[in-house]
Amino acid sequence: MAIKVTMPRLSDTMTEGTVATWLKKVGDKVSEGDILAEIETDKATMEFESFNEGTLLHIGIQAGETAPVDSLLAIIGKEGEDISALLAGGDTPAAEAPKADAPAAEAKTETAAPAKAAELPKGVVVVTMPRLSDTMTEGTVATWLKKVGDTVAEGDILAEIETDKATMEFESFNAGTLLYIGIQEGNTAPVDSLLAIIGPAGTDISGIAENYTAGGAATASTPAAEEKAAPAAEKAPEAAAETSNGGRILASPLAKKIASDKGIQLSQVKGSGENGRIVKSDIENFTPSAQAQTAASAPAAKQEASAPAAPKVFVPAGEVYTEEIKNSQMRKIIAKRLSESLFTAPHYNLVIEVSMDEAMQARAAINSVPDTKVSFNDMVIKACALALKKHPKINSTWKEDAIIINHHVNIGVAVAVEDGLVVPVLKFTDAMSLSQIGGSVRDLAGRAKNKKLGPQEMEGSTFTVSNLGMFGITEFNSIINQPNSAILSVGAIVEKPVVKNGQIVAGNTMMLSLACDHRTIDGATGAQFLQTLKQYIESPVTMLA
């Protein structure tokens, strides 16, 4: 009998997974224990074994696709077995259903478009919410400068529209009477929504606004567009003539501002917008032509005797180059979890400076023992474990109805990997020696970078340590790794002048920053923890007491 295989929950925080690679294909024989696929979770990319044997009859999630936990991943059964009953509850019929309805939908579309075109009276133009910036998806009408019934000339300012970047004037490209306003002042609508209708005074426009859909006016306004396109070649010389006579040049407010900032004369720029309107990209891509420079040089030569030549305006030019990198499942979960932490937990940071002179001497003595290697980070982790036993409120978890105090100490160590950040956990850290901590951290960090950590090795932390000192960072603040209530940020050891016994001498210091969740840890509690931590680090022998 065929068996459904669903997207597994490979970590305690996993809500969805991405199939990185399928190691079996449909029709392949599968034995119990065979690796079916590599699945990318919120913490690592892990191999997923089959708990069943048979033939792989169906793949529900293709390589590179993401799906929630418990989604249909695959079906395993006997070769040639009918699995239509199992797929009936899946996504296959749903995918086929729209195909059945497609002809009807197409028929509706085909009949609706001619109807809309037929309904639009002659001379009437539908004006839509314009895209006034490259990132704009919706706009807000700040002010209408025309009201229904007003006469509109080509180039008149219809309204002020607030985009995602600025409030800008929106000019009319058409002449007539404002017959209808589709978006009232203060209202927001997506780009291409019905903004207004312009046409001959007294024209009946009933039904146009009600039947309009975004993008639907393109068919209806085609005749008007064709009428404007025909004399386009004739309008270009007219525009030049208007410029020479001091007439008005059609340009967007943003284009005018950029041109003014760059010292570009609008009369020299050819517009690519509707009716030759100059837009932002025209100014950014404008390069003074040789003809314009020659024409400008003639009068300039005459004025050389009376006035110095104006400085040449530098117009930077280059290629806009971007690269899009698809977010990995780990990067998505890091974004989600840290955003939740920062915006739900009221963070505050406490900073303390500790002397590292005795710690450096102690480390040198420890590492002189054969086959022993201890880092400063290992010493900080050990000091944290002992300090947490003395200040258990730091080792806590917030819940809506209670605060959980953890009397066991499991310290998570932040490790940077290629795709982001993982936090392997040292279980019962307070019971480990310095050399045991050092060996465990090196082992976990190495396997984390090779994507060989198991989910159980990244669960259950009660406190986290993040160290960027090896990168030369002297001080920084971290975001709490929930459900922990605190995280310690460790900076680099810096040699600098310090005061000892009233004398200025050379010393080595290190900055520690403790980020706390104010729901569980008060400032005084955090400060007392740092004082104990400082005592352990500055005098490592006290960790043996």
Chemist: Provide the closest heavy-atom pair for Gly139 versus Met129 in the form atom of the first, atom of the second, distance.
Modeler: O-CE, 3.4 Å
Chemist: May I have the step-by-step check of side-chain contact (heavy atoms from CB on, under 4.5 Å) for Leu266 and Ile278, ending in yes or no?
Modeler: CA-CA 8 Å; Leu266 292 176; Ile278 299 170; 4.2 Å; yes
Chemist: Nearest 0.5 Å please: distance from the CD1 atom of Ile76 over to the NZ atom of Lys24.
Modeler: 9.5 Å
Chemist: Mind listing the closest non-hydrogen atom pair of Leu86 and Ile3 along with its distance?
Modeler: CD1-N, 4.5 Å
Chemist: Mind checking side-chain hydrogen bond (donor to acceptor under 3.5 Å, both in side chains) for Asp82 and listing every partner two or more places apart, or none if nothing turns up?
Modeler: Ser84
Chemist: Search all heavy atoms of Leu350 against all heavy atoms of Gly526 and return the closest pair with its distance.
Modeler: CD1-C, 3.5 Å
Chemist: Looking at Ile61 and Ala67, what are the two nearest heavy atoms and their distance?
Modeler: CD1-CB, 3.5 Å
Chemist: What is the distance from atom NZ of Lys332 to atom CG of Asn327, rounded to the nearest 0.5 Å?
Modeler: 6.5 Å
Chemist: Are side-chain heavy atoms of Leu72 and Val5 found at a separation under 4.5 Å?
Modeler: no
Chemist: If we only count heavy atoms from C-beta on, is the Ile480 to His347 side-chain gap below 4.5 Å?
Modeler: yes
Chemist: Is any side-chain heavy atom of Leu453 closer than 4.5 Å to one of Met458?
Modeler: yes
Chemist: Show me the donor-acceptor pairs, under 3.5 Å and distance only, between side chains in residues 513-521 and residues at least two apart or in other chains.
Modeler:
{"from": "Ser513", "atom 1": "OG", "to": "Asn477", "atom 2": "OD1", "distance (Å)": "2.6"}
{"from": "Asp517", "atom 1": "OD1", "to": "Arg519", "atom 2": "N", "distance (Å)": "3.0"}
{"from": "Asp517", "atom 1": "OD1", "to": "Arg519", "atom 2": "NE", "distance (Å)": "3.1"}
{"from": "Asp517", "atom 1": "OD2", "to": "Arg519", "atom 2": "NE", "distance (Å)": "3.1"}
{"from": "Asp517", "atom 1": "OD2", "to": "Arg519", "atom 2": "NH2", "distance (Å)": "2.7"}
{"from": "Thr520", "atom 1": "OG1", "to": "Ser485", "atom 2": "OG", "distance (Å)": "2.9"}
{"from": "Thr520", "atom 1": "OG1", "to": "Asp517", "atom 2": "O", "distance (Å)": "3.2"}

Chemist: Are Ser489 and Ser466 close enough, and set up right, to give a side chain to side chain donor-acceptor pair (under 3.5 Å), and what steps lead you there?
Modeler: CA-CA 5 Å; Ser489 304; Ser466 179; 5.5 Å; no
Chemist: Applying side-chain contact (heavy atoms from CB on, under 4.5 Å), can you list everything that pairs with Thr151, at least two apart in sequence or on another chain?
Modeler: none
Chemist: Tell me, do Asp282 and Asn285 make a side-chain contact under 4.5 Å, heavy atoms counted?
Modeler: no
Chemist: Without placing hydrogens or testing angles, list every side-chain donor-acceptor pair under 3.5 Å for residues 176-188, not counting sequence neighbours.
Modeler:
{"from": "Glu185", "atom 1": "OE2", "to": "Trp144", "atom 2": "N", "distance (Å)": "2.9"}
{"from": "Thr188", "atom 1": "OG1", "to": "Thr140", "atom 2": "OG1", "distance (Å)": "2.6"}

Chemist: Before giving the answer on side-chain contact (heavy atoms from CB on, under 4.5 Å), spell out for Ile404 and Lys399 the whole-Å C-alpha distance, their side-chain angles and the decisive distance to 0.1 Å.
Modeler: CA-CA 7 Å; Ile404 308 299; Lys399 287 194 172 182; 4.2 Å; yes
Chemist: Determine the minimum heavy-atom distance between Asn481 and Ser461, stating which atoms define it.
Modeler: ND2-OG, 3.9 Å
Chemist: Rounded to the nearest 0.5 Å, how far apart are CG of Leu87 and CD1 of Ile83?
Modeler: 4.5 Å
Chemist: For Thr55, which residues count as a side-chain hydrogen bond (donor to acceptor under 3.5 Å, both in side chains) partner, sequence neighbours excluded?
Modeler: Lys29
Chemist: Who pairs with Asp28 by salt bridge (Lys or Arg N to Asp or Glu O under 4.0 Å), at least two apart in sequence or on another chain?
Modeler: Lys25
Chemist: Output all residues satisfying side-chain contact (heavy atoms from CB on, under 4.5 Å) with Glu418, sequence neighbours left out; order by chain, then residue number.
Modeler: none
Chemist: How far does CD of Glu38 sit from CD of Glu40, to the nearest 0.5 angstrom?
Modeler: 10.0 Å
Chemist: So, taking the atom named CD1 in Ile35 and the one named CG in Leu23, what distance separates them when rounded to the nearest 0.5 Å?
Modeler: 7.5 Å
Chemist: Among residues at least two apart in sequence or on other chains, which ones pass salt bridge (Lys or Arg N to Asp or Glu O under 4.0 Å) with Glu81?
Modeler: none
Chemist: Would you call Pro483 and Trp398 a side-chain contact if the rule is heavy atoms closer than 4.5 Å?
Modeler: no
Chemist: Has Gln268 got a side-chain atom pairing as donor or acceptor with Gln265's backbone, closer than 3.5 angstrom?
Modeler: no
Chemist: Within the structure provided, determine whether Gln482 and Thr344 are in side-chain contact (heavy-atom separation under 4.5 Å).
Modeler: yes
Chemist: Which atom names give the shortest non-hydrogen contact between Lys326 and Gly64, and what distance separates them?
Modeler: NZ-O, 3.0 Å
Chemist: Could you grab the distance from atom CZ of Arg337 to atom CD1 of Ile479, nearest 0.5 Å is fine?
Modeler: 14.0 Å
Chemist: Within the structure provided, determine whether Lys336 and Thr15 are in side-chain contact (heavy-atom separation under 4.5 Å).
Modeler: yes
Chemist: Using the rule given for side-chain contact (heavy atoms from CB on, under 4.5 Å), can you reason through Glu475 versus Val351, listing the C-alpha separation, both sets of side-chain angles and the distance that settles it, and then say yes or no?
Modeler: CA-CA 9 Å; Glu475 183 181 345; Val351 180; 3.5 Å; yes
Chemist: Does Ser172 have any side-chain hydrogen bond (donor to acceptor under 3.5 Å, both in side chains) partners at least two apart in sequence or in another chain, and if so, which?
Modeler: none
Chemist: Could I get the full list of side-chain contact (heavy atoms from CB on, under 4.5 Å) partners for Ile334, not counting sequence neighbours?
Modeler: Met330, Arg331, Leu338, Leu421
Chemist: Among residues at least two apart in sequence or on other chains, which ones pass side-chain contact (heavy atoms from CB on, under 4.5 Å) with Pro200?
Modeler: Val124, Thr203
Chemist: Please tell me if the side chains of Leu73 and Thr6 come closer than 4.5 Å, counting only heavy atoms from C-beta onward.
Modeler: no
Chemist: Got more than 12 heavy atoms from elsewhere within 6.0 Å of NZ, Lys262?
Modeler: yes
Chemist: Check the pair Asn484, Thr397 against side-chain contact (heavy atoms from CB on, under 4.5 Å), reporting the backbone distance first and the verdict last.
Modeler: CA-CA 6 Å; Asn484 299 173; Thr397 300; 5.7 Å; no
